[in-house]
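Structure first, then comments.
Worth saying up front: this structure is predicted, and the values here are computed from it rather than measured.
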Amino acid sequence: MDYNKLAELLFPNVTDTCEDIENKYPPRNLPEGAKVTRFAPSPTGFIHLGGIYGAMIDERLAHQSGGIFYLRIEDTDAKREVPGAAVELIKTLAEYGMEFDEGAAISPDGEICDKGIYGPFKQSERAHIYHVYAKKLVSEGKAYPVFTTQEELDELNATDKKAEVKSKVWTEEAANAQREEMLKQREFTIDEVEAHLKAGDPFVLRILSEGDGEKKTKVGDLVRGALELPENDEDFVLLKSDGIPTYHFAHAIDDHLMGTTHVIRGEEWLPSLPKHLQLFKYLGFKMPKYLHTAQIMKLDENGNKKKLSKRDMGLDMKDYKRGGYLPECVCEYIMTILNSNYDEWRMQNPEKSYKEFPFSFKKMSNSGCLLDFAKLTDVSKNVISRLTADEVYAKLLPWAEEYDPEFAAVLSADKEKAIRILSIGRGGKKPRKDLATFADAKPYMSLFYNEYFAVIDAYPEKFDNQTVRSAIEGFLQTFDFSDDMNTWFDKIKALADSMGFASDMKAYKAQPDSFKGNVADISSFIRVAVTGKLSSPDMYEVMQVLGKDTVVARINSEIARLS
RNA sequence: GGCCCCUUGGUCAAGCGGCUAAGACGACGCCCUCUCACGGCGUAAUCAUGGGUUCGAUUCCCGUAGGGGUCACCA
């Protein structure tokens, strides 16, 4: 077989050589040890938690080493592409603090554009590059075409391939038949190829695999160590019939030309690693280092770990946004599952950015972890508790504007007040941690606003209305808004004493029977009247924020109700 | 089914031949306290299993089981 002739037949329009391409993309001039990583999503839908997880590893590894972090859009599957998804992807990544040095970006007019000299960064725009290498492989007898008719192709496109693959019964006979079919396709003549081309039949380009599927080769993985994998024995597709490459082919060429040093991807790619080994060998490219990450899982109804699926809460980043989770909280949580010594570091360095943490892939776990909302909540509370009231307000307002406009209106009507509310118990060594998400804000803050205020909790049952009423009446009689906290509370204690309640908790605990109740009970009457609830932040501070008139009005309203 | 990956408390995990097997989240209890938070202290809870190797295995090797992934002109 004259492979050069075959190559010429298949790619008559390709005149560039591989050298021409290589010259256009010179090796990067980076300091020793600098890592070049990429995040390479396909624009087939929303970005998910696993995506952010992977992107954060890419970002840390690159920027921690003084390297380059870039974004490549893997839009090689026109059928699955979702319009506008790429733009959405980039925006979401930006929200999560993923800043790319190079790659696909959004231009001022809202279109995808390229940043840096190694583009184009959309694979659909790189067809000519792939074809140059494809032609070379054909000319060396390392790849060959398989023709189909247009009808067969249409039929292929009509099938739900994923469902078909899933339902497939993997018997030995089926495997053998598949292999025989593959081998048969290797047999053809130049004349046949010419005839097909003349008839306009589309073709795919397949690699001519070398391995026998038995012999093992060793591959290194940054988190898994040495792996033993069988050599590739599959003539997988390089170019689809539309001339666009498959992931495998695009991966080898792009990561080579763009100078990627570290490929970080999910462990679902592990089984296709032999394909990539084969390709890099055929192409004469230097292998990048691989890091296959464990998946983030959930528990299914049978109690088994399962990969997060589209229907699950917690996969789509929009879920987090809607739920009021701050991106920095999610990132903080991801850091805790990325490196288990992160928690410890955070305790020592409460004010630092996570980007100052010495992240190491050596500390990454190689088994999948369960998405743990309890942990996320804890981490989020900590992150938000470290913010100032102004910062919380600045982030809360836009969230509310999108998901609860009415609440947003209330918040912005009196910014000063909102910030005073958010300031309660904030700052200092032991800040309150009331907010894990912005969705917690309204229930927490509602007692401060008359439009939301309601007496929700009942007064403690063991006291009759008469007692409650005289207590809050008594409070009102001596209430002076300008009192400081101690004076204010001393008055409550005095009130307790005058009503036969213990003002000293220790005294009460020693002899509970000699009192009608204690000062905490008195406080709870006032608390329910003023806040509507049995629990609230520090009541003195609450009253200071509410203002004298509101406090008096609420108590009077309760006095009336209890009469 | 073939191939590959994984396996320490409920969860995330430290460990890298000898430890009473860290720590965090969660749970529970106590303390602090005018409530709720916060904080402090404490309790319960883990090496999947069988065989080796070894004076000694959570740690090394082999098998088994369980879980996950993958076997497309999808990425």
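- For the pair K275(A) and A75(B), the criterion of a side-chain N or O lying under 4.0 Å from OP1 or OP2 is not met.
- With RNA chain B read from its 5' end, the first of the two nearest nucleotides for L534(A) and K161(A) is the one closest to L534(A).
- To the nearest whole angstrom, the two P atoms, one in C41(B) and one in G56(B), are 41 Å apart.
- At C4(B), one or more side-chain N or O atoms of K216(A) fall inside 4.0 Å of OP1 or OP2 (strictly under the cut-off).
- Rounded to whole Å, atom P of G68(B) lies 12 Å from atom CG of L370(A).
- Considering only side-chain N and O atoms, K306(A) lies nowhere under 4.0 angstrom from the phosphate OP1 or OP2 of G69(B).
- Between N366(A) and U7(B) there is a side-chain N or O to OP1 or OP2 distance below 4.0 Å.
- With a cut-off of 3.5 Å on both Watson-Crick or G-U wobble distances, the partner of U43(B) is given as A27(B).
- A donor-acceptor contact under 3.5 Å links the side chain of T148(A) to the base of C73(B).
- Heavy-atom distances to RNA chain B give each of M347(A) and T336(A) a nearest nucleotide, and the one nearer the 5′ end belongs to T336(A).
- With C73(B), C5(B), C38(B) as the choices, the nucleotide that has an atom nearest any side-chain atom of L227(A) turns out to be C5(B).
- Under 3.5 Å, the side chain of S241(A) and the base of C73(B) form at least one donor-acceptor pair of N or O atoms.
- Taking atom C1' on both G50(B) and U11(B), the two are 28 Å apart, rounded to the nearest angstrom.
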Test K142(A) against Q278(A) for side-chain hydrogen bond (donor to acceptor under 3.5 Å, both in side chains), laying out the working first. CA-CA 10 Å; K142(A) 291 168 179 167; Q278(A) 167 96 83; over 6 Å; no

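- Listed pair Q178(A) / G2(B) fails the phosphate criterion, with no side-chain N or O lying under 4.0 Å from OP1 or OP2.
- For P431(A), counting side-chain heavy atoms from C-beta on, the closest listed nucleotide (A75(B), C38(B), U35(B)) is C38(B).
- Side-chain proximity of K375(A) to the nucleotides G67(B), A24(B), C73(B) is greatest for A24(B).
- Within the structure, a side-chain polar atom (N or O) of K79(A) is placed less than 4.0 Å from OP1 or OP2 of C74(B).
- As a whole-Å value, the separation of L229(A) CG from C71(B) P is 15 Å.
- Using the Watson-Crick or G-U wobble rule with both distances under 3.5 Å, U58(B) pairs with nothing in any strand shown.
- Taking side-chain N and O atoms only, T76(A) has a distance below 4.0 Å to OP1 or OP2 of A75(B).
- Distance, M445(A) CE to A37(B) P: 20 Å, rounded to whole Å.
- Protein atom OH of Y444(A) is 12 Å distant from nucleotide atom P of C38(B), rounded to whole Å.
- Side-chain atoms of D378(A) lie closest to C25(B) of the nucleotides C25(B), C73(B), A75(B).
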Checking S209(A) against D233(A) for the side-chain hydrogen bond (donor to acceptor under 3.5 Å, both in side chains) test, could you report, in this order, the C-alpha distance in whole Å, the side-chain angles of both residues, the deciding distance, and whether it holds? CA-CA 5 Å; S209(A) 63; D233(A) 64 341; over 6 Å; no

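- The nucleotide C36(B) finds no pairing partner, because no Watson-Crick or G-U wobble arrangement with both distances shorter than 3.5 Å includes it.
- Here the nucleotide nearest the side chain of F489(A), chosen from A13(B), G1(B), C34(B), is C34(B).
- The side chain to side chain donor-acceptor pair (under 3.5 Å) test with E164(A) singles out one residue from K162(A), K166(A), K161(A), and that residue is K161(A).
- In this structure, R80(A) does not reach the A75(B) phosphate: none of its side-chain N or O atoms is under 4.0 Å from OP1 or OP2.
- OP1 and OP2 of C12(B) both lie 4.0 Å or more from every side-chain N or O belonging to S340(A).
- Between the side chain of R432(A) and the base of C36(B), a donor-acceptor pair under 3.5 Å is found.
- At A14(B), none of the side-chain N or O atoms of K363(A) fall inside 4.0 Å of OP1 or OP2 (strictly under the cut-off).
- Ring-base stacking between Y247(A) and C74(B) is not satisfied when judged by a centre separation under 5.5 Å and a plane angle under 30°.
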Hey, mind stepping through Q123(A) and D254(A) against side-chain contact (heavy atoms from CB on, under 4.5 Å) and telling me if it holds? CA-CA 8 Å; Q123(A) 290 181 328; D254(A) 291 348; 2.8 Å; yes

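- Under the Watson-Crick or G-U wobble criterion, with both distances below 3.5 Å, G9(B) has no partner in any strand shown.
- L338(A) places its CG atom 21 Å from the P atom of A24(B), with the value rounded to the nearest Å.
- Between the side chains of R265(A) and H292(A), at least one donor N or O lies within less than 3.5 Å of an accepting N or O.
- With hydrogens and angles left out, the side-chain atoms of Y540(A) and D483(A) include no donor and acceptor closer than 3.5 Å.
- Of the listed nucleotides (C25(B), A13(B), U70(B)), C25(B) has the atom at the smallest distance from the side chain of D372(A).
- Between T437(A) and Y320(A), the side chains place no donor N or O within less than 3.5 Å of an acceptor N or O (distance only, hydrogens not considered).
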